[in-house]
Amino acid sequence: MSGEQAAFGALLREFRLAASQTIEGLAEASGVSVRGIGDLERGRRAAPQRRTVAALADGLGLAEAPRERLLTAARAGRDGGYRPVGVRAFPRGVDDFVGREGELARLAALAEREVVAQPVVVAVSGPPGTGKTTLALHAARGLADRFPDGQLVLDLRGTDDDPPGPAELVLRVLKALQVSDRDLSQAGPQGHPELYRQLLAERRCLLVLDNARDEGQVRPLLPAAGAGMVVVTSRRMLTGLDSVHRLPLGELDPGAAAELLTSLVGADRADADPAALRAVAERCGHLPLALRVAGNWLATRTGWSVRRLADRLAVEERRLDALAAGDVRVAAAFDLSYRQLTPAAARLFRRLALVPGQDTGAPGAARLTGSPVFDAEDTLEELVEAGLLGTDGDRYRLHDLLRLYARTRLEAEESAREVGRARTGLFRWLLETAVVAGRWFEPGHGAPPPAWRGTVDLSTAGRARAWLQAEGDNWLAALRAAEAAGEHATVVEVAEALHWFSDQWIFWGHWPEVFGTAARCARALGDPTLEATQLNYHAWALLVCERRHQDSLLRSAEALAAAERAGDAGQQAWAHMYQGWALQQIDDLGPAADHMQRAAHLFETVGDLHGGLQARHGRAIVLAKQGLTEEAHAFYRDTLAFLEQVSDRLEPHIADITRVGLHAGLGSSFGVLERWPEAVDQLTTAVAICRASGNTALESRQLVHLGNALLSAGRPAEARAAFARCVSLGVHADPRPVAEARELLARLDAP
């Protein structure tokens, strides 16, 4: 800053203190804002215009001589070399920039466009702390040679309580472009916009409009013609701007986050404990501002290890407090956006901290605030527009640090009773909806009853499955809370409603917990039939989801004992079937066959078609493992024929799962007999059923079987396609066949 500017600020402060006035008092007396006076005194603003000086002098009650001194200091500050506040000719402080290669490449490509009749406008938006300004400044430096008439950075101060309006901003740019006071006076305020547009149309400039508040502030600053480029940064998405290229920013990828931390703390300290460095980056949510604060903290505390900071950040309740370095606080950056929210949006933002999972949908948000779903969706979109909420399809997600910030606001602004009521309402809704959705897959239930008035579309089994999967982390947390609250009957009801659905989402990772929790609750209720049922489900989960054969045997034995105490033949049958299933997995085939036969007999006795089909399928698997291929083949074929005879009495999803197993078994037995075309046909049918029913876990398994059969049939190209499809299935697939498919692809691709 110039000496004259510093002199004006010092003189103003001297006069204010002599008058025994606070900044707030002078602001009230003069009409000049508190921020404006503070910026002048600290030299952060250039000397003000005459009318502002006069207002300050009046507010101070200055006599003629001191008034003239203040005016003289202001004139000196406005003399040669004056550049309006907020305008910089070239960016500084971006030497440690990392990552964002894709975004920088896109900005460079836009700057090199062939058509130059209209300026390129790029809107860079993102949550607080994502490095929007840093990206814009770094890009400006890299693009300097493409804009020979200059690069201007204009701070729009969009997070201020009273940001500058378009007229003031236009004037700042005109002064930075060295338009004379005479020309400005001749044009008059009403002519400044035209003069602004004309100058920018004639020059190839890069204009960075940093920290924009909204579209209304930006729109008058966008030139209509010329070969220039405008980069607008804002926490808001600025959806109302037309004809702009949009560049949304999120957190850094883990590699870039670690690189930024390393640049701040030094390679020696980073390399000494790379795991701790990754932990710091993760606990900063890979957010550039948080990473910079953490890095600066370590850089100024050379006695601290990186692990010490990682442990300090591990405490969620203290993390935001720990992410402060000097006068830079991550929470303060969030405050600026939070203060600009409407009351409804602020309330929903706070309460989103109660969502236990990573994201939620509009119906869940509506339950948090007690508002209609459409109103909640509008409020969610306001939070998205404000840069405080991310989206993925129809899901909404808070960044980890924003979630912690929302929690602090919730604790500060709402009572424990209000918070408890909101959480209870959300959890109750999650469990009630999970029961209705899960019953789509249960025999004797299907679609929601006509009287159900839910806020989620569960009109098809596919929609029910999608909701259960999207909200899995949330309803699981609600189930845990129900057990902790002693709501044992609720836990058992939820588990019962979901047990056939679990076949649709085998490798979610939490079914052993769900059914283990339900077994404990059933025991607490003192009902041996319920206990046997949930123990059987737990045995299935341990066996199929985690391949814990011995643990599964223990659970099914407990289930058998409970079912015998209850005199429940149906649950005895399921316990025998899970005993047989686990035993054949560990190749104890004699006892396995015995249990399967006993299960089949009991299922027939109680008239359980679904269970009977499972037992018959299990018996065929045992025969195949015993090397009795022809007998197994006949058993598979006969069971499939029986299934089709009784299909109108079966729950469709259970019938599909059984068909998959039987066709796969037939394919396997054809393979043993080296009848590869028939094996391929059967396995192709199994894959098609999986795909049509949306059962990704089973599809991944059958694709590997199909690929291997195709290889044996001399059809490597088709085998490769099957393995590639398996690898592409994503997180809901069985990880073991996916790993096998990846290895087989590597072999096929090897020279």
Side-chain angles (χ1 to χ4, degrees), residues 355-361 364 392-395 397 427 430-442 456 458 461-483 491-521 533-549 551-552 555 578 581 653-654 656-657 660-661 690-691 693-704 726-739 741:
V355 176
Q358 290 294 311
D359 54 26
T360 189
D392 182 9
D394 60 355
R395 307 290 296 173
R397 177 183 180 273
F427 283 8
L430 284 164
L431 295 181
E432 289 172 352
T433 309
V435 168
V436 176
R439 282 178 176 162
W440 256 111
F441 304 88
E442 288 293 297
V456 179
L458 300 178
R463 289 191 173 98
R465 177 173 55 242
W467 184 89
L468 286 165
Q469 291 178 337
E471 296 284 356
D473 289 346
N474 294 329
W475 62 252
L476 177 62
L479 191 77
R480 291 168 178 159
E483 183 195 22
V491 172
V492 171
E493 180 185 23
V494 173
E496 181 63 37
L498 294 173
H499 101 275
W500 277 108
F501 167 73
S502 61
D503 274 323
Q504 306 291 317
W505 196 21
I506 296 171
F507 297 101
W508 172 40
H510 297 288
W511 293 119
E513 178 186 355
V514 169
F515 297 126
T517 299
R520 289 194 301 272
C521 289
T533 302
Q534 299 303 322
L535 284 168
N536 273 324
Y537 299 161
H538 194 203
W540 169 86
L542 292 169
L543 177 63
V544 176
C545 304
E546 297 188 349
R547 303 177 196 268
R548 292 162 56 186
H549 307 119
D551 290 338
S552 177
R555 284 292 173 270
Y578 290 131
W581 195 347
H653 304 282
I654 303 174
D656 280 343
I657 290 169
V660 169
C690 293
R691 192 170 304 174
S693 63
N695 196 320
T696 305
L698 292 184
E699 183 182 356
S700 63
R701 293 177 174 180
Q702 303 312 320
L703 281 165
V704 170
C726 179
V727 169
S728 73
L729 287 178
V731 296
H732 299 324
D734 184 340
R736 293 194 182 191
V738 170

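Counting begins at 1 with the first residue of the sequence.
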If you compare all heavy atoms of [X] against all heavy atoms of [Y], which two are closest, and at what distance to 0.1 Å?
X	Y	result
Tyr578	Asn536	CE1-O, 3.4 Å
Cys521	Glu483	SG-CG, 3.8 Å
Cys726	Pro737	SG-O, 3.8 Å
Gly694	Arg465	CA-NH2, 3.8 Å
Phe507	Ala733	CB-O, 3.8 Å
Val727	Ala741	CG2-CB, 3.9 Å

Item to check | side chain to side chain contact (heavy atoms under 4.5 Å, CB included) partners of His732, counting only residues at least two apart | outcome: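 His732 satisfies side chain to side chain contact (heavy atoms under 4.5 Å, CB included) with Gln469, Trp505, Thr696 only.
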
Checklist entry - side chain to side chain contact (heavy atoms under 4.5 Å, CB included) with Ala495: which residues, sequence neighbours excluded? => result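 For Ala495, the residues satisfying side chain to side chain contact (heavy atoms under 4.5 Å, CB included) (neighbours in sequence not counted) are Val514, Phe515, Ala518, Gln534.
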
Next on the checklist: My understanding is that only residues two or more places apart in sequence, or in another chain, count here; which of them pass ring-ring contact (aromatic ring centres under 6.0 Å, His included) with Phe441?
Outcome noted: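 With sequence neighbours excluded, Phe441 shows a ring-ring contact (aromatic ring centres under 6.0 Å, His included) to Phe501, His653, given in chain and number order.
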
Item to check | ring-ring contact (aromatic ring centres under 6.0 Å, His included) partners of His549, counting only residues at least two apart | outcome: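 In terms of ring-ring contact (aromatic ring centres under 6.0 Å, His included), with neighbours along the sequence ignored, His549 is linked to no residue.
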
Next on the checklist: Show, in sequence, the C-alpha distance, side-chain angles and deciding distance for Trp508 and Leu468, and conclude whether the side-chain contact (heavy atoms from CB on, under 4.5 Å) test is met.
Outcome noted: CA-CA 11 Å; Trp508 172 40; Leu468 286 165; over 6 Å; no

Is there side-chain contact between [X] and [Y], with heavy atoms separated by less than 4.5 Å?
X	Y	result
Gln504	Ile657	yes
Arg691	Leu703	yes
Gln358	Arg395	no
Glu471	Thr433	no

Return the [atom1] to [atom2] distance between [X] and [Y], rounded to the nearest 0.5 Å.
X	Y	atom1	atom2	answer
Ser502	Tyr537	OG	OH	9.0 Å
Ile654	Asp503	CD1	CG	8.0 Å
Asn695	Ile506	CG	CD1	5.5 Å
Glu493	Leu479	CD	CG	11.0 Å
Phe427	Glu432	CZ	CD	13.5 Å
Asp394	Asp359	CG	CG	9.0 Å

Next on the checklist: Under a plain distance cut-off of 3.5 Å, with no hydrogens placed, do Ser552 and Arg555 share a side-chain donor-acceptor pair?
Outcome noted: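 Ser552 and Arg555 do not have a side-chain donor-acceptor pair below 3.5 Å.
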
Item to check | Listed partners of Arg736 passing side-chain hydrogen bond (donor to acceptor under 3.5 Å, both in side chains), at least two apart | outcome: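 Checked Arg736 against side-chain hydrogen bond (donor to acceptor under 3.5 Å, both in side chains); zero matches.
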
Next on the checklist: Could you work out, with side-chain hydrogen bond (donor to acceptor under 3.5 Å, both in side chains) as the rule, every residue matching Asp734, not counting sequence neighbours?
Outcome noted: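 Checked Asp734 against side-chain hydrogen bond (donor to acceptor under 3.5 Å, both in side chains); matches are Arg547, Arg701.
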
Next on the checklist: For a side-chain contact (heavy atoms from CB on, under 4.5 Å) check, start with the C-alpha distance between Leu458 and Val436, then their side-chain angles and the critical distance, and finish with the verdict.
Outcome noted: CA-CA 8 Å; Leu458 300 178; Val436 176; 3.9 Å; yes

Checklist entry - After noting the C-alpha distance and the side-chain angles of Leu498 and Trp475, does the key distance pass the side-chain contact (heavy atoms from CB on, under 4.5 Å) rule? => result CA-CA 12 Å; Leu498 294 173; Trp475 62 252; 3.5 Å; yes

